[in-house]
Protein chains: 2
Amino acid sequence: MVKISDVAREAGVSVATVSRALNGLATVNPEYAQRVHIAAEKLGYRGNAIARGLRRRKTDMLALIISDVANPFYTAIARGVEDVAENSGYSVILCNADEDAAKESRYLRAVEIGQVAGVILSPHSGTTDVSRLRAADVPLVVVDRPLAEPVDSVMVQSVDGARAATRHLLDEGWRRPACVTGPADAATALDRLHGYRLALADSGLGIAERFVHGQFSQADGAAGASALIDGAEPPDSFFAANTQLALGVIAELRARGLRIGQDVGLIMFDDAPWAPFIDPPISVVAQPAYEIGVHAARLLLSRVTGAEAGPARDLVLSTELVVRGSSRRVPT
Amino acid sequence: MVKISDVAREAGVSVATVSRALNGLATVNPEYAQRVHIAAEKLGYRGNAIARGLRRRKTDMLALIISDVANPFYTAIARGVEDVAENSGYSVILCNADEDAAKESRYLRAVEIGQVAGVILSPHSGTTDVSRLRAADVPLVVVDRPLAEPVDSVMVQSVDGARAATRHLLDEGWRRPACVTGPADAATALDRLHGYRLALADSGLGIAERFVHGQFSQADGAAGASALIDGAEPPDSFFAANTQLALGVIAELRARGLRIGQDVGLIMFDDAPWAPFIDPPISVVAQPAYEIGVHAARLLLSRVTGAEAGPARDLVLSTELVVRGSSRRVPT
DNA sequence: GTGAAAGCGCTAACAA
DNA sequence: TTGTTAGCGCTTTCAC
């Protein structure tokens, strides 16, 4: 490893001057700066981020802790974050909490002692403990799911989106829509269920609620759909709270020989690359995932640099109803 | 921030003893160790990974640089890596190179100066420059795509898998299979094309090759299929070299009203969660993505800890042909 | 504008 | 076994 003192010797100046020159501090003789840069180049000097971080007491890394790398929604957020961070000279490290509270807290801890400049977190639940992070004064932005305490956040209008989706089902003529949602301790699951209920109430049709909770997984989507279908008054349509649940619902419907878009309607929260290719194409409530990442990163960076002080800010982005074939009610 | 000296004072011992006790070095009086742990607990001591890294000249972080976070194949690898790393007390930071050589080299650089214990890389191309990494003596394991130089690697039998897929198409009775593959500078694209060609030659049927290169993207999959169909002797079946390409092929086939599994056959390399839900379900050559991650992490860790010295090792995992509906040739 | 020197928090020699 | 001390490579006062 070539270090700063090597460059200093090569350039015939002090290490302090090398440091200043390399960091672009204006207070250095242009000629010396030139010499330093040439020497650094010649020696292939890379610097040592660890040492720099130790001294500066912070790094130029942002941590993004997401709930599930396998979910394209989160990876889209990641790309938004990365693009913004990169433009500002920060790198972002991705941590996969895997919907696991223990893993999440381990990463939170690692990140805390790892001295990152800031963290963006999609919390496992509203009770995720970020107190140490806040005590350590590490800027934090929460995405997708809110936290109990006041903290910068970038959310999506889950309730409105779910409401619009359900209303759309009703508008198409379906009369017994059901909601297959996530765990009762996940805000997103609750919000989407809430929107569904609101739409039912809005309609004034006196339609009974049909819903089921489960993990955000394909298996639980299938199980939920199965339970609903086997119930007293089986649903004629489904609103799935995310793509994994929807995949399960689709599987169950297929297994029972129910034709989507004819015998039964379906719409899901969150878009997916494969959604248009299912037969029929799946209607969705699309979320601006990439933009969530962009906004979160901008907000975080403004806190990191101190450009923004003040109280916690909450950004709420809206969703978009994308009607494809699955929610249509085709008279047979 | 509470530091080691604070703990030392609280416990009434020296910083060295605190360090030893906390790191579980056996050479410390149990009573002192006890006091240290209590003091650390009381003060909420977290340690400073930066300082530790600086002094030890290495960290307990592994870097995983993948080509595309949005591709479930890579995220599955990531989970394998994480699980192994975690069990050995390492954390893994994920970097998304996004199929972009510039981004890749930036991460490689960041990782190099960031002093990670080791890196797992799915290289953008065979010419990715890892010389500095090797010069810096950072253990490296390459996955999915090979590098020109000798380096530990974990690969999949792409050629065999592609060959089996194509042979299956032939066995089903398709007589004009085409291959839609990735860029000509990607080894995986080439290997899969090669396997396709081999199967054609194996058959002894004198079938003409039909293939097209493109980016590993949905758009290029559609364009490729379109070009092939508009060619002189249009294919009666397709082998897509990855899931994104396959999605494009499916879109194009749909757009032209061609019924998969009847008018035309389809099989793709790599499985996907949505594959069984397309109508008809898509046949695939499944890759053991998670296992790739597991093996890569184990190999890397054995290098990191010095348990394994010797020359570069190359692991090659086999694929599995999963026949669903799309490759079947149903007499109409 | 420049350099000497003092640490950042930690671990590892080295003594005791 | 324990404590003292010397750095890891860098940035940043503080004199000059």
Side-chain angles (χ1 to χ4, degrees), chain A residues 1-37 39-40 43-61 89 109-110 112-117 136-138, chain B residues 1-37 39-40 43-61 89 109-110 112-117 136-138:
Chain A
M1 147 154 293
V2 23
K3 45 191 158 188
I4 202 170
S5 56
D6 299 326
V7 179
R9 194 177 324 109
E10 175 75 24
V13 296
S14 73
V15 292
T17 299
V18 174
S19 174
R20 283 191 279 254
L22 261 22
N23 285 298
L25 281 270
T27 68
V28 48
N29 184 319
E31 197 209 321
Y32 280 5
Q34 176 81 342
R35 293 227 306 259
V36 167
H37 281 105
L43 266 35
Y45 174 73
R46 327 289 309 204
N48 179 325
I50 302 279
R52 156 189 278 247
L54 178 60
R55 180 63 229 230
R56 305 244 289 224
R57 323 195 86 245
K58 64 169 199 166
T59 65
D60 54 359
M61 295 215 287
R109 212 188 104 89
E112 176 193 342
I113 64 180
Q115 315 274 64
V116 296
D137 234 16
V138 179
Chain B
M1 147 155 292
V2 21
K3 43 190 157 188
I4 203 170
S5 56
D6 299 325
V7 179
R9 195 178 323 111
E10 176 75 24
V13 297
S14 74
V15 291
T17 300
V18 174
S19 175
R20 283 191 279 255
L22 261 21
N23 285 299
L25 282 269
T27 67
V28 49
N29 184 319
E31 196 209 322
Y32 280 3
Q34 176 82 342
R35 292 229 304 262
V36 167
H37 281 105
L43 266 35
Y45 174 73
R46 326 290 310 206
N48 179 324
I50 302 279
R52 156 189 278 247
L54 178 60
R55 179 63 229 225
R56 307 238 299 219
R57 326 196 84 244
K58 64 169 197 166
T59 65
D60 54 1
M61 295 215 287
R109 209 188 106 90
E112 174 193 342
I113 64 179
Q115 314 273 65
V116 296
D137 233 17
V138 178

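In the text below, chain A, chain B and the rest are named by the order of the sequence lines, each starting its count at 1.
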Let me spell it out: for each of A/Lys3 and B/Val13, pick the nucleotide of DNA chain D with the closest heavy atom. Which residue's pick is nearer the 5' end? B/Val13

hbond_proxy A/Arg55 side chain to C/dG7 base (donor-acceptor, 3.5 Å cutoff): yes

If you only use heavy atoms from C-beta on, which nucleotide in D/dT11, C/dC10, D/dC8 is closest to the side chain of A/Asn23? D/dT11

Of all the nucleotides listed (C/dT2, D/dT4, D/dC10), which has the minimum atom distance to the side chain of A/Arg52? D/dC10

From CZ of B/Arg9 over to C1' of D/dG3, roughly how many Å is that when rounded to an integer? 16 Å

Salt bridge check: are A/Asp6 and A/Lys3 linked by an N-O gap of less than 4.0 Å? no

Could you give the CG-to-C1' distance, from B/Asn48 to D/dC8, as a whole number of Å? 13 Å

Any donor-acceptor N/O pair under 3.5 Å between D/dG3 base and B/Arg20 side chain: yes

Rounded to whole angstrom units, what separation is found between the CD1 atom of A/Ile50 and the P atom of D/dC10? 11 Å

Check whether any side-chain heavy atom of B/Arg52 sits under 4.5 Å from a side-chain heavy atom of B/Asn23, and report yes or no. yes

With respect to the side chain of A/Ser19, which nucleotide from D/dT11, C/dT2, C/dT11 is positioned closest? D/dT11

Measure from CG on B/Leu54 to P on C/dC8 and round the result to the nearest Å. 13 Å

Counting heavy atoms from C-beta on, name the nucleotide in D/dC10, C/dG1, C/dT11 closest to the side chain of A/Asn29. C/dG1

Using whole Å, report how far CD1 of B/Ile4 lies from P of D/dG7. 19 Å

Between atom CG in A/Leu43 and atom P in D/dG9, what is the gap in whole Å? 14 Å

Counting any heavy atom closer than 4.0 Å, what does B/Thr17 reach on the DNA or RNA strands: base, sugar-phosphate only, or nothing? sugar-phosphate

Side-chain contact check for B/Ala51: nearest option of D/dC10, C/dA12, C/dC10 is C/dC10

Euclidean distance, atom CG of residue A/Leu22 to atom P of D/dT11 [Å, nearest integer]: 8 Å

